[in-house]
Asks: 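The structure's right below; bear with me while I get my questions together.
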There are 2 protein chains.
Amino acid sequence: MSTKQFGKTKAGTRVTMHDVAARAGVSQMTVSRVMRDAGAISPEVRKKVVKAAAEIGYVHNRLAGGMRTTTTPLVGVVVPTLQNRVFTEVLTGISDALATQGIRPVFGVSEYSLEAEEALVLDFLSWRPRGLVLAGLEHTDTVRQMIAAADIRVSEVMDMDGDPIMASFGVSQAEAGRDMARHMLDRGYRRIAYAASQGGRDKRAGKRFEAFAAVIRDAGGQIVDDITAEDPSSLVLGRQLTGTLLARSCPDAIYFSNDDLAGGGLMHCLAEGISVPKDVALAGFNGLSFLEALPQRITTTATPRYEIGRDAALFVADPSRPAPDGGRQDFGTRLIVGNTT
Amino acid sequence: MSTKQFGKTKAGTRVTMHDVAARAGVSQMTVSRVMRDAGAISPEVRKKVVKAAAEIGYVHNRLAGGMRTTTTPLVGVVVPTLQNRVFTEVLTGISDALATQGIRPVFGVSEYSLEAEEALVLDFLSWRPRGLVLAGLEHTDTVRQMIAAADIRVSEVMDMDGDPIMASFGVSQAEAGRDMARHMLDRGYRRIAYAASQGGRDKRAGKRFEAFAAVIRDAGGQIVDDITAEDPSSLVLGRQLTGTLLARSCPDAIYFSNDDLAGGGLMHCLAEGISVPKDVALAGFNGLSFLEALPQRITTTATPRYEIGRDAALFVADPSRPAPDGGRQDFGTRLIVGNTT
DNA sequence: GTGAAAGCGCTAACAG
DNA sequence: CTGTTAGCGCTTTCAC
C-alpha cells in the first residue's frame, strides 16, 4: 500500500508498539517479543505482528529499549585514520563481524591523538555501548578509568607489545622489526636508513623500529639515517623521503615504516634509474596487496588485518566469547621476501 | 581521586544526574542544563556541577535524552565499500564535518547491494538519527518511504545524474564520461576498450561509461572491448584486465572505471615493455593522489571527495543549513591530462 | 537563573 | 505462550 508510514503516523505522532499491538490484536509486550526475537511466540501471532508492523511502518525504537536494558547493540570504534588502508581493512573486519551479530559500529577518528581518543570514548559511553574497539595499547588514564567503571568489553587492535586492558588482537611489532633486521643482516646490509611518517605519532611503528635498530646495532650494523615526515603516509611521501635519504647518507638499505612509503621508494628508484636492490635495498611493512602489482616485489612483513578486526569485534560483540589466553591473541607476522632486498 | 568512577557507582548502580545534583547541591534539572549547554546557568553553579560530575564519573546518558526529544546526535552512513579510497575519503569528510557538530556517525557497508542498504537504513532509523548519508541515487522504494516517514534529512553523495531524495552532493558522472571521451577523440583514439570491476554493481561507473561510449560512437569511434570483473578494484586486477584486453582486441586506448585499475594497467605495460601511450593509451577516474608517484602520469578525472563528504554531512547535521539549489550541489570534475593519453 | 512535575517507549520480572 | 506492572534517566513545560 502506498500510504505506508515509517516511524510516525500521517498526523506526525510516532508509531509505537501500542499501535502495532492494537492492529494485531495482541498486547504490546507480545510485539516487543516479536521485534526482539525473544521468548517464545506462536507462529501465527508472530506473523500477525510482523504484518501489522509493516502496514503501519513501525520502526523499533532502540533508545527506549536501551534505556531499560542499560546497554545497546552498539560498539564504539576509534581508528587513528581512514587514510591508511591498514585501518580500513581492520575496520572492514570489524564491520563484517559486527554485522553478523546485529551490532552497529559508531566510529570516530583520533588522528593518532590520545586526547581525541579520550573525548571519543567519553562520547561513545553516553550511548551505553556493548563495548569498544581501540587501536593500540596506549591510552590516557581517564580512558582506562572510564572503561573500568563502565564495565564493558574492550578490544585493542594491532599491537601486542604491552599490557592490554582486557584483550589485544594483533601482532608483535617488536618481533616483526627483529625479523626484518635479521633478514637485512643476512643479506649483508649494514648501513641502514629508516623512513617514517605521521610525525612519529604511530607508536606501533616506533616500537617496530626500536626493536629493528637494536638487532642491527648488536650485529655491528648501523642506522645511518632516520627521517620522519609530519605528513601521513603515501607513495608520494615515500618517493620524497627516499630522495632525501639517498642524497644525504648513502644507505645500502632503507626500512620504511609501511608499504606506502616503501612503494614510493621503489617509484623513486625506478624514475631515477637507481637499481634495486643493487644500489639500495628497500623494505616495507604490512604486506598490502598493491605491492603485488608493482614492477618489483618489495620485501615486507605480512599482517592479517581483516582477521584482527574481525576477532577483536567478535570479542566485544559476544559476551560469551572468552578472552584470548593471557589477554592476547597474536596473529603472527610473516616475512615476505621480495626482490628488493 | 583514584576512586573516580565512570558510569556507575562502586556498588554497580548507575550514576545519574540525580547523583550529580545531590553532590553539587542543585536540582537535577540544572545538571541537565549544564550537560547540554542549554538555558542560562550562572558560572558558579556550572562550575560546581562540572566538578561534581567529574568527581563521581558521571557519563551523560543520551538514550534517555533521545527518548524525550525523539532524535539523537547520530547520523547513519552507508558506504558501498571501505576497500576503495574514494569512499574512505568521503567518509573522512563526513567524519570530520560531523565531529565539528558534535554528531557521531553510525555506519554500515552495503557491498553495493540496495537490499543491504535497505536493511541498514531500517536499523539506523531505530536510533532516531538526525539524518542519513547514502551513496548514489539508487535506492529501494522502501528506503524512500522510510525516509519520507521518518522526516529526517538525507544526503546522497557521489552522483548527480538523477533526482535526489532531498539533496545530492557529487559530480555528474555522465559529464565526466563525456569529457574523457572528447579528450580521447581529440588525441585520435578510435578503438577504445573499457575495463571495470565490482561486477557492474557500481552504478556511477556504469553511467559514466554509457555517456562516454555514446560520445565515442557518435564521433565514429568504437568500443572494441568491454570487460567487467567481479572482484573489487585493485592494482592487481587492473594489471590482469589490461593483459586480457590487449591480447584479445588490440585497443588503442583503455578507459578504466577508476584509478586503481588504470594504475594496474600502467604496471602491466611497464612490466611487459609496452609503450604508453604509443602502443596503448590509458585513462582512469578519480584523481587519487597515488597516481602522482607512478613513473608516468595517468590521465584521469579529479573529483573532490573529501569536500563532497564534508558538505553532505553538514547538510544533515545542521537543520538550519539550506538544501543546495535544485537539491543538487555539483562539485564539478576536472580532467587531468597526464602523459598516458 | 533555577526547580517540580510529567512522561517519552520500551523491557525485566513475574503472573497466569 | 501471553499479559500486567513498574520503572529506566532524561528533557519538555511551566512556575517562580
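Reminder, nothing fancy here: chain letters follow the sequence lines and each chain counts from 1. Bear in mind that the values here come from a model prediction, so they are computed numbers and not experimental data.
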Asks: Rounded to the Å, how far apart are A:R36 CZ and C:dA13 C1'?
Replies: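 Taking atom C1' of C:dA13 as the reference, CZ of A:R36 is at 12 Å.
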
Asks: Does B:R33 make a side-chain donor-acceptor contact with the base of C:dG3, cut-off 3.5 Å?
Replies: yes

Asks: Would you kindly give the CZ-to-C1' distance between B:R62 and D:dT11, to the nearest whole Å?
Replies: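 Those two atoms, CZ and C1', are 14 Å apart.
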
Asks: How close or far is atom P of C:dT11 from atom CG of B:L63, stated in whole angstroms?
Replies: 12 Å

Asks: What are the two closest heavy atoms between A:P80 and A:R204, and how far apart are they?
Replies: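 Closest approach of A:P80 to A:R204, heavy atoms only: CG-NH2, 3.7 Å.
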
Asks: Inspect the contact between A:K51 and A:E55 and indicate whether a charged nitrogen and a carboxylate oxygen are less than 4.0 angstrom apart.
Replies: yes

Asks: Look at the side chain of A:M29 and decide which nucleotide, out of C:dA5, D:dC10, C:dT11, has an atom nearest to it.
Replies: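 The answer is C:dT11.
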
Asks: Any side-chain N or O of A:T16 under 4.0 Å from OP1/OP2 of C:dG9?
Replies: no

Asks: Among C:dC10, D:dT13, D:dG9, find the nucleotide with the atom closest to the side chain of A:Y58.
Replies: C:dC10

Asks: What is the distance, rounded to the nearest whole Å, between atom CE of A:M35 and atom P of C:dT11?
Replies: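 Whole-Å distance recorded here is 9 Å.
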
Asks: How would you label the contact of B:H18 with the nucleic acid (heavy atoms, under 4.0 Å): base, sugar-phosphate, or nothing?
Replies: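 Here B:H18 touches no strand at all.
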
Asks: Provide, to the nearest angstrom, the distance between the CE atom belonging to A:M17 and the P atom belonging to D:dT4.
Replies: 16 Å

Asks: To the side chain of B:A40, which of C:dG1, D:dC10, C:dA5 is closest?
Replies: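 Of C:dG1, D:dC10, C:dA5, C:dG1 is nearest to the side chain of B:A40.
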
Asks: Need to verify one output field. Residue with the more 5' nearest nucleotide on DNA chain D, A:T30 or B:V31?
Replies: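 By nearest-heavy-atom nucleotide position, the 5'-most residue is A:T30.
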
Asks: Please work out whether the ring planes of B:F169 and B:F331 are parallel, tilted or perpendicular, with thresholds of 30° and 60°.
Replies: tilted

Asks: Could you state the CZ-C1' distance from B:R46 to C:dG1, rounded to the nearest angstrom?
Replies: 12 Å

Asks: Given C:dC10, D:dT2, C:dG3, which nucleotide is nearest the side-chain atoms of A:I41?
Replies: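 When the side chain of A:I41 is considered, D:dT2 is the closest of C:dC10, D:dT2, C:dG3.
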
Asks: B:P73 and side-chain contact (heavy atoms from CB on, under 4.5 Å): which single residue from B:Q101, B:R62, B:R104 fits?
Replies: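 Of the listed residues B:Q101, B:R62, B:R104, the side-chain contact (heavy atoms from CB on, under 4.5 Å) partner of B:P73 is B:R62.
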
Asks: Taking atom types as they are modelled, would you say the side chain of B:R68 forms a donor-acceptor pair with the base of D:dG9 within the 3.5 Å cutoff?
Replies: no

Asks: Ion pair present between B:D159 and B:R328, side-chain N to carboxylate O less than 4.0 angstrom?
Replies: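 Salt bridge absent between B:D159 and B:R328.
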
Asks: Choosing from C:dG1, D:dT11, D:dG3, which nucleotide comes nearest the side chain of B:Q28?
Replies: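 Nearest to the side-chain atoms of B:Q28, counting from C-beta on, is D:dT11.
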
Asks: Among the candidates D:dT2, C:dG1, D:dG3, find the nucleotide nearest to the side-chain atoms of B:S42.
Replies: C:dG1

Asks: Which whole-number value in Å describes the distance from B:D19 CG to D:dC10 C1'?
Replies: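 Atom-to-atom, B:D19 to D:dC10, this comes out as 13 Å.
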
Asks: Can you tell me which nucleotide in D:dT13, D:dT2, C:dC10 comes closest to the side chain of A:V45?
Replies: D:dT2

Asks: Examine D:dT11: is either OP1 or OP2 under 4.0 Å from a nitrogen or oxygen in the side chain of B:T69? Give yes or no.
Replies: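 No.
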
